[in-house]
Amino acid sequence: MKIKVQTEPFDAGAEITALHAGNPAIGAVTSFTGYCRDEGGQLEALELEHFPGMAESQLTAIAQEANTRWPLQGITIIHRYGKLKPGEPIVLVVTSSAHRRASFEASDFLMDFLKTKAPFWKKEHPANPSQEASWVESKASDDADADRWKR
Amino acid sequence: MKIKVQTEPFDAGAEITALHAGNPAIGAVTSFTGYCRDEGGQLEALELEHFPGMAESQLTAIAQEANTRWPLQGITIIHRYGKLKPGEPIVLVVTSSAHRRASFEASDFLMDFLKTKAPFWKKEHPANPSQEASWVESKASDDADADRWKR
Amino acid sequence: MSALELDISLPLIRHKVMKLLYFAWVRERVGSESETRDIPVDVTTVGALKTWLSSIDEGYAYAFENPQIIRVALDKTLAEDDAPLGDAQEAAFFPPMTGG
Amino acid sequence: MSALELDISLPLIRHKVMKLLYFAWVRERVGSESETRDIPVDVTTVGALKTWLSSIDEGYAYAFENPQIIRVALDKTLAEDDAPLGDAQEAAFFPPMTGG
């Protein structure tokens, strides 16, 4: 299990390769990359604040929960913080398993939980300098997505 | 939409980057890579036979169906054929969308349909030379997975 | 003379020429990956074509011993047993697909 | 003398010292990202701590105007309003999370 909270960009391809390397029991690797959108040109930058220490421990706890639910061979989670421009990657989740269903479901689960349980907050800096920066509000749809996994 | 049927390996990271490049409306990219497993050391190689022409047209039809079901920004499908060793990548599906749900579901759908609707067949060459090579049988679970998307 | 006209046209409607392709274990059992055959005119559906092929020899009989599991593509499009051959130029026969 | 003993021990039980952390717009409204405060001994739950903080000044009152939406972590573990503060050393306050 690899959990990183960092300012630097990441290389999704390298993480996929690393998670699969040397383990021929793996038949399936799913990756999810979340990017900063430009919101139709409205966004200048996204500022990501996080709670150091708790961000890592929450991501670890979420990954451990995924490991109890699916027969995974590996999990990588990388979440960036700091000021990101449109087009830049924000978050990466990679999971590996013998079969595709476990890998798909675990990645989907990790993203849903990460959105609602990991202490990160986004502030949008608008392209129009006369507009003030504003905090992104949590979405009811994210809570609904996370509720899909309740048991 | 990029559909390739080839013998050469592919680079998942490069395909993810290419699908996202220059499109800041994309917020989510999901990739799935299927690998040849070693089946606990029992497998020497997997031989993939395909129906040239129909393989490409079926993959294109499946991708078009995904495009009608989800608001996608892009789809890449690469499927290899020929003799592959354990650890080698077999198939890659990458989808991009503004939001993660569409991207996850479309990749999942593409893999399920590709398994049951694209003309590829796997023959297992066992590590033990006294055993004969045998064709992989289709799995009822793959049909059940594909049936999830019926409508 | 109408009898002569009939004689001339008969060879044109008694059969149709199709390219037949076989994949995976169907190919191995048939012993061929591709062939061109004259199909009798009364073989009008995918299912009837399977039945007719299974009568050719032991290899074909073995390949089509469970005809319902053999998938068929007419001109590279999947077709069910009740589909008419129509003017398809090519029929491909193969086991359930196992890609991905 | 028992009265003297009581006097000496009183300061030890009248309050507890906690490190308080604030994130995102809670941080901006409070005007601080971190502080150490003496918490009165009768403030025993997460919910009571929110209520007590909201009485400090206008900034705290604004930050906690809708206390039910403020998430709390005790020693970096999420805690509900009815959770006891127990011997937690640190409490963090923040809006619903919006990562990913």
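To find a chain, count down the sequence lines: A is the first, B the second, and so on, and within it residues start at 1.
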Candidates B:Glu132, B:Gln131, B:Glu47, B:Glu44 - the one meeting side-chain hydrogen bond (donor to acceptor under 3.5 Å, both in side chains) with B:His125: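 Among B:Glu132, B:Gln131, B:Glu47, B:Glu44, the one meeting side-chain hydrogen bond (donor to acceptor under 3.5 Å, both in side chains) with B:His125 is B:Glu47.
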Can you tell me which of [options] forms the most heavy-atom pairs within a distance under 4.5 Å of chain B?
options                             : value
A:Glu15, A:Lys115, A:Glu88          : A:Lys115
A:Ser96, A:Gly22, A:Ala98, A:Ser103 : A:Ala98
A:Asn23, A:Asp145, A:Ile90, A:Ile16 : A:Asp145
A:His99, A:Arg37, A:Met111          : A:Arg37

Spacing of CD1 belonging to B:Ile77 relative to CD belonging to B:Gln58, to within rounding of 0.5 Å: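 One finds 11.0 Å between CD1 of B:Ile77 and CD of B:Gln58.
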Heavy-atom pair count under 4.5 Å with chain A, highest-scoring of B:Ala12, B:Ala28, B:Pro86, B:Gly13: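 Among B:Ala12, B:Ala28, B:Pro86, B:Gly13, the one with the most close pairs to chain A is B:Ala28.
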Check each atom of A:Asp11 against the heavy atoms of chain B and say whether the ones under 4.5 Å are side chain, backbone, both or neither.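 Neither part.
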Under the ring pair (Phe, Tyr, Trp, His ring centres under 6.0 Å) criterion, do B:Phe104 and A:Phe32 qualify, and how do the steps go? CA-CA 8 Å; B:Phe104 265 122; A:Phe32 177 88; 5.1 Å; yes
Taking the side chain as every heavy atom from C-beta outward, state whether B:Asp108 and B:Trp149 have any atom pair closer than 4.5 Å.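 Of all side-chain heavy-atom pairs linking B:Trp149 with B:Asp108, at least one is under 4.5 Å.
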What's the shortest heavy-atom distance between B:Glu56 and B:Phe51, and which atoms? OE1-O, 4.4 Å
